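In what follows, a single structure is set out as structure tokens and then discussed.
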Amino acid sequence: MRKKVTVVGAGNVGANCALRIAGKELADVVLVDVIEGVPQGKGLDILQSGPVEGYDVNITGANDYGPTANSDIVVITAGFPRKPGMSRDDLLLANYEVVKSATEQAVKHSPNSILILVTNPLDAMCWTAYQIAKFSKNRVIGMAGILDTARFRTFIAQELDVSVENVTAMVLGGHGDTMVPMARLASVSGIPLIELLDQAAIDRLVQRARDGGAEIVKYLKTGSAYYAPSAAATEMVESILKDKKKILPCAAYLEGEYGIRDLFVGVPVKLGSRGIEKIYQIKLDQSEQAALQKSAASVKELIDVIKPKMG
Ligand code: NAD
């Protein structure tokens with residue numbers, strides 16, 4: 001039987017997720033949105049690309065969760081994106097309500113699903129969904145690190161004029177201004193990045209990766225990035241549905257790993273059919289550990305705001 005993925009939020013990220021999941025024939029897709037007609041219309045449009053592109057999956061749209069029943073994965077992209085001058089954290093209270101209601105409904109209809117969160121501020125929205133869903137921690141996962149890493153990899157490849165496929169990198173921490181691009185672990189076809197670029201150049205690329213989302217918001221003016229974000233979420237869906245066991249940086253619930261407790265923070269995880277199958281703890285040097293702690297502290301500040309609302 002074909003797998004089933006629900007994408008909540010048929011906006012820019014959600015619709016592109018649906019398109020990519022269909023394009024890779026990973027699963028049937030149900031798009032859900034509060035705006036009447038939009039998920040139905042976009043769903044039909046994506047379905048009608050099938051004959052041209054050559055994919056045989058079903059894509060439907062709905063304004064309620066009935067059609068989402070028994071999904072294997074629910075990707076939550078519903079909520080407001082930021083506009084120029086806003087940080088992701090500015091979205092906290094508005095998107096808390098959206099993610100809370102989306103999670104309640106989604107898990108009621110798909111109690112055995114795996115949740116992938118995309119809505120910002122990402123790490124706090126993962127925490128919200130985890131509290132509401134009451135799923136085991138391996139089944140609530142946040143998308144951010146793959147995107148932040150993709151940006152870092154892109155800038156490294158551009159700087160060195162090499163294929164992006166040769167560049168591997170890792171970004172840890174919260175999905176915000178304090179994220180921790182791990183330059184020490186980046187490599188190009190196995191050659192350590194630190195042997196290829198001087199520190200000033202590396203620092204410049206690290207900063208551009210940190211500001212990668214804001215750079216696009218500044219251009220778009222009315223919203224935030226969606227092509228690379230939807231590609232990143234689809235990579236997670238694929239690794240889970242195909243049990244590929246890819247090691248990817250994702251937001252995971254930590255219970256003491258890296259000295260962090262009761263927070264979602266970006267760390268390397270193995271993604272397979274059970275969701276997060278392993279959290280990898282890499283040895284960090286002093287400054288990396290300090291940067292990660294600082295990033296976790298900024299995630300905690302947001303949790304402290306929403307915790308009282310959870311009752
Ligand atoms: P968008 O405005 O294009 O789409 C959001 C959609 O959510 C809209 O269609 C809206 O009607 C819908 N929606 C609102 N409330 C809903 C609800 N209760 N139930 C169902 N649908 C609802 O925005 P976008 O560009 O697709 O971004 C979506 C979210 O993803 C934003 O919060 C953005 O910040 C976040 N994002 C995160 C990352 C990341 O790396 N984690 C990357 C890009 C975007």
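Computation of the quantities below employed the complete heavy-atom set of this structure, encompassing side-chain atoms and omitting hydrogens, waters and symmetry-equivalent molecules. Whatever order the structure lists them in is the order used to number ligands and atoms, beginning at 1. Just so it is clear, the structure is predicted and the values come from calculations on it, not from any experiment. Numbers here simply count residues along the sequence, with the first being 1.
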>> Polar contacts were defined as any N/O atom of the residue lying under 3.5 Å from an N/O atom of the ligand; does this apply to Thr119 and ligand 1?
In response: no
> Counting heavy atoms not belonging to Lys245, are there more than 12 under 6.0 Å from its NZ?
Replying inline: yes
> Knowing that exactly one of Thr60, Asp64, Thr6 qualifies, which makes a side-chain contact (heavy atoms from CB on, under 4.5 Å) with Val32?
Replying inline: Thr6
>> Please list the nearest protein heavy atom to atom 4 (O) of ligand 1 with its residue and the distance rounded to 0.1 Å.
In response: Gly11 CA, 3.2 Å
> Less than 4.5 Å apart, any side-chain heavy atom of Ile282 and any of Leu172?
Replying inline: yes
> Relative to the heavy atoms of Asn95, which atoms of ligand 1 are at a distance of less than 4.0 Å?
Replying inline: 32 (O)
> What residue and atom, counting heavy atoms only, is the protein's closest point to atom 36 (N) of ligand 1, and at what distance?
Replying inline: Asn120 ND2, 3.4 Å
>> Which of the numbered atoms in ligand 1 are under 4.0 angstrom from any heavy atom belonging to Val98?
In response: 15 (N), 16 (C), 17 (C), 18 (N)
>> Given 3.5 Å as the limit, does a donor-acceptor pair link the side chain of Tyr226 with the main chain of Cys17, or not?
In response: no
> Could a heavy atom of Phe80 be found less than 4.0 Å from some atom of ligand 1?
Replying inline: yes
> Which ligand 1 atoms, with their elements, are less than 4.0 angstrom from a heavy-atom of Pro229?
Replying inline: 42 (C), 43 (C)
> Relative to each other, are the rings of Tyr253 and Phe264 parallel, tilted or perpendicular (30° and 60° limits)?
Replying inline: tilted
>> Can you tell me how far apart OG1 (Thr128) and CG (Asn95) are? Round to the nearest 0.5 Å.
In response: 10.0 Å
> Under 3.5 Å, side chain of Ser295 to main-chain N/O of Ala291, donor-acceptor pair present?
Replying inline: no
> Under 3.5 Å, side chain of Ser110 to main-chain N/O of Ser71, donor-acceptor pair present?
Replying inline: yes
> For ligand 1, does Ile35 get within less than 4.0 Å through its side chain, its backbone, both, or neither, judged by non-hydrogen atoms?
Replying inline: side chain
>> Given Asp148, Ile76, Asp33, identify the one with the heavy atom nearest to atom 9 (O) of ligand 1.
In response: Asp33
>> Starting from atom 17 (C) of ligand 1, what is the nearest protein heavy atom, named by residue and atom, and what distance separates them?
In response: Val34 CG1, 3.5 Å
>> Could you check whether any side-chain N or O of Asp304 sits under 3.5 Å from a backbone N or O of Glu301, counting only pairs where one atom can act as donor and the other as acceptor?
In response: no
> Can you tell me which residue and heavy atom of the protein come closest to atom 44 (C) of ligand 1, and the distance to 0.1 Å?
Replying inline: Val13 CG2, 3.8 Å
> Does Val8 approach ligand 1 within less than 4.0 angstrom via side chain, backbone, both or neither, non-hydrogen atoms only?
Replying inline: side chain
> Should one rank Gly142, Ala232, Gly79, Ala78 by closest heavy-atom distance to atom 5 (C) of ligand 1, which comes out on top?
Replying inline: Gly79
> What atoms in ligand 1 come closer than 4.0 Å to a heavy atom of Asn12?
Replying inline: 1 (P), 3 (O), 4 (O), 25 (O), 26 (O)
>> Quick test: of every protein heavy atom, which one is nearest to atom 37 (C) of ligand 1, and how far off is it to 0.1 Å?
In response: Val118 O, 2.8 Å
> Is there side-chain contact between Leu26 and Arg20, with heavy atoms separated by less than 4.5 Å?
Replying inline: no
> Where on Leu117 is there a heavy atom closer than 4.0 Å to ligand 1, on the side chain, on the backbone, on both, or on neither?
Replying inline: neither
> Leu147 heavy atoms, cut-off 4.0 Å: which ligand 1 atoms fall inside?
Replying inline: 40 (O), 42 (C)
>> Among Ile59, Ile46, Val237, Val75, exactly one meets side-chain contact (heavy atoms from CB on, under 4.5 Å) together with Val29. Which residue is that?
In response: Ile59
> Using heavy atoms and a threshold below 4.0 Å, how should the contact between Thr77 and ligand 1 be classified: side chain, backbone, both, or neither?
Replying inline: backbone
>> I'd like to know if the side chain of Asn58 reaches the main chain of Asp28, judged simply by a donor and an acceptor atom lying under 3.5 Å from each other, with no hydrogens or angles considered.
In response: no
>> How far is atom 41 (N) of ligand 1 from the closest protein heavy atom, and which atom is that?
In response: Met143 O, 2.8 Å
> Considering only heavy atoms, does His175 approach ligand 1 within less than 4.0 Å through its side chain, its backbone, both, or neither?
Replying inline: side chain
> Does the side chain of Leu205 reach to within under 4.5 Å of the side chain of Phe152, using non-hydrogen atoms?
Replying inline: yes
>> Tell me whether ligand 1 is touched by Ala225 - counting only heavy atoms on the residue side and a distance under 4.0 Å.
In response: yes
>> Checking contacts here: is it the side chain or the backbone of Ala102 that comes within 4.0 Å of ligand 1, counting heavy atoms only? Could be both or neither.
In response: neither
>> Give me the residue, atom name and distance of the protein heavy atom closest to atom 2 (O) of ligand 1.
In response: Pro81 CD, 3.5 Å
>> Just to be sure I read this right, does ligand 1 sit under 4.0 Å from the backbone of Leu122, its side chain, both, or neither, counting only heavy atoms?
In response: side chain
> Is the backbone N or O of Val167 less than 3.5 Å from a side-chain atom of Arg153, with the two atoms forming a donor-acceptor pair by type?
Replying inline: yes
